[in-house]
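Each remark here refers to the structure printed beneath this line.
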There are 2 protein chains.
Amino acid sequence: MAVKTKTQILNTAEALFAQQGFSNTSLRTITTCADVNLASVNYHFGSKKLLIQAVLQRYLDVLMPKVNQQLDHLVESVAEPEVPHIFEAMVEPLLSLNNLRPNGTSTFVLLLGRGYSESQGHLRRFITEHYGPVLMRVVAMVHQALPELAPSEVFWRLHFAIGTFVFSMASSSALTEIAAADYDQDVDIKGVIGRILPFISAGVATPLQTGNWSLDLKRDIA
Amino acid sequence: MAVKTKTQILNTAEALFAQQGFSNTSLRTITTCADVNLASVNYHFGSKKLLIQAVLQRYLDVLMPKVNQQLDHLVESVAEPEVPHIFEAMVEPLLSLNNLRPNGTSTFVLLLGRGYSESQGHLRRFITEHYGPVLMRVVAMVHQALPELAPSEVFWRLHFAIGTFVFSMASSSALTEIAAADYDQDVDIKGVIGRILPFISAGVATPLQTGNWSLDLKRDIA
DNA sequence: CATAAATTCAAACTGTTGTTTGAATCGTTT
DNA sequence: AAACGATTCAAACAACAGTTTGAATTTATG
């Protein structure tokens, strides 16, 4: 055999999962496209849920150590890293996933988006259990870069940033199509990341609002 | 009968859809909870897909005219509205959905998030077809507030903003739970909106980057 | 080469999904 | 009260889901 059945399933599954979502992709579709037997999924992975985790794990096991490593470099080279630095530190590891597999970067981010919005917790739990320390470190560093913000405020803004990132990636194919049609603009995954980073950096680092808009909020509830 | 079957279905369906997503909510669950016959969904709405659209339409038909009206007020009172003004104009209409139904605001935004991330285009098409003009107006006004930005740049940033909003709302229940557990913080839908608005306003209005981070991007691809 | 383990395979199982059907029931109108 | 259309109902339908099974086949081992 050219490629082992197990990795053949993983390759086909990750492509279909990224394209159509987890619950919309049946094991029969996967095994047919992969040209393997239906039962082989349960034989090699145990269940569909575990297959999904295996697909993501194959990326996360590569990505997370690299992110950690980039953060090491950052604290070595910059005394007090700012928010954009921290986010930029994650770019290179993300793009390096293209070396892992063709279209690795966009595939992974698509999968991440699917996982966040589709799964009812089991994937989020899997990620925080297996890769918690790196995530904690990012939170701590952002908090250090924005000491005037309460920890809870940092928490919220980082989740907004994740939301922006993950959601934009999940619909990036649709968006790049529209951009190409309406603005004659060819944007790839790198271009999208390059546009998101300033956006979320500005959002996370924006000073606390003391303005008047919250008055509107209170006034108009009725 | 106290409540007509049709609205009883709509009420139950929207709650379950918001809570578990569209594809994860079966018609049998809906009709059982609503205490109506299974066939009544197809009788009154034709199909599940049309039921989903009906659930969203009931909100959008109220929300969109109000947004339009708020934008009218804005252009009357402010000569050159800025980005935060435009976003704030959408807050009151959103919160007014609580008058429509209990928890109307959070339910609607949850539904919007589900619709965006779950449906493969049919919901997005439905929305842009039925409520396109208002959306166009928002795009135009933001572009007017940020004339130095290319239209395509405005396009991207607004979609990032939508992504932030919709995604955060779709996972707001999980987030508020974590916030309550980890930070002893009770945050309701108003609190989340109040935190998102400064975030996306800063993101959308951030000046174009000429910095050096894109160099890292190019250097590290390999 | 023979034996044992690992893997593949076709088929069936169990459960759920959205949808349809045709009779029974209800509400209104004549 | 009779007749009619609108609605409800239990039941079945067809398609698809993930999973299991046990025999056939391949691969590796002694």
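Predicted model, so just to flag it, every value in this text is computed and none were measured.
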Helix axis bend for the helix from C/dG15-D/dC16 to C/dT30-D/dA1 - C1'-based end axes, five pairs, 10° rounding: 10°
Any residue meeting side-chain hydrogen bond (donor to acceptor under 3.5 Å, both in side chains) with A/T105, in chain and number order, not counting sequence neighbours: A/N98
When the distance from NZ of A/K6 to C1' of D/dT26 is rounded to whole Å, what number comes out? 18 Å
Partner residues of A/T128 under the side-chain hydrogen bond (donor to acceptor under 3.5 Å, both in side chains) criterion, sequence neighbours left out: none
Tell me, for nucleotides 15-21 of chain C in 5' to 3' order, what letter each nucleotide earns: B for a base near a protein heavy atom under 4.0 Å, S for only sugar-phosphate near one, - for neither? --BBBBB
Looking at residues at least two apart in the chain, or sitting in another chain, which of them share a side-chain hydrogen bond (donor to acceptor under 3.5 Å, both in side chains) with A/T32? none
Taking OP1 and OP2 of C/dT8, is either one under 4.0 Å from a side-chain nitrogen or oxygen of A/T5? yes
With sequence neighbours excluded, residues passing side-chain hydrogen bond (donor to acceptor under 3.5 Å, both in side chains) with B/N103: none
In whole Å, what is the span from the CG atom of A/D35 to the P atom of C/dT8? 12 Å
Phosphate contact (C/dA6 OP1 or OP2) by A/H44 side-chain N/O below 4.0 Å: no
Separation of D/dA6 atom P from B/K4 atom NZ, nearest Å, is 14 Å
Only pairs at least two apart or in different chains count here, so list each salt bridge (Lys or Arg N to Asp or Glu O under 4.0 Å) that has a residue in residues 8-24 of chain B. B/E14-B/R58, B/E14-B/R101
Output a table of donor-acceptor pairs, distance under 3.5 Å, between side-chain atoms of residues 37-48 of chain A and any protein atom two or more places apart or on a different chain; print 'none' if there are none.
| unit_1 | atom_1 | unit_2 | atom_2 | d |
| --- | --- | --- | --- | --- |
| A/N37 | OD1 | A/A39 | N | 2.9 |
| A/S40 | OG | A/N37 | O | 2.4 |
| A/S47 | OG | A/L50 | N | 3.3 |
| A/K48 | NZ | A/F22 | O | 3.1 |
| A/K48 | NZ | A/T25 | O | 2.8 |

Would you give the length of the straight line joining atom CZ of A/F160 to atom CZ of B/F167, rounded to the nearest 0.5 angstrom? 11.0 Å
Inter- and intrachain pairs under ring-ring contact (aromatic ring centres under 6.0 Å, His included), touching residues 49-73 of chain B, at least two apart: B/Y59-B/F108
Please report the distance separating the P of D/dG30 from the corresponding atom of C/dT7, rounded so that it comes out in whole Å. 16 Å
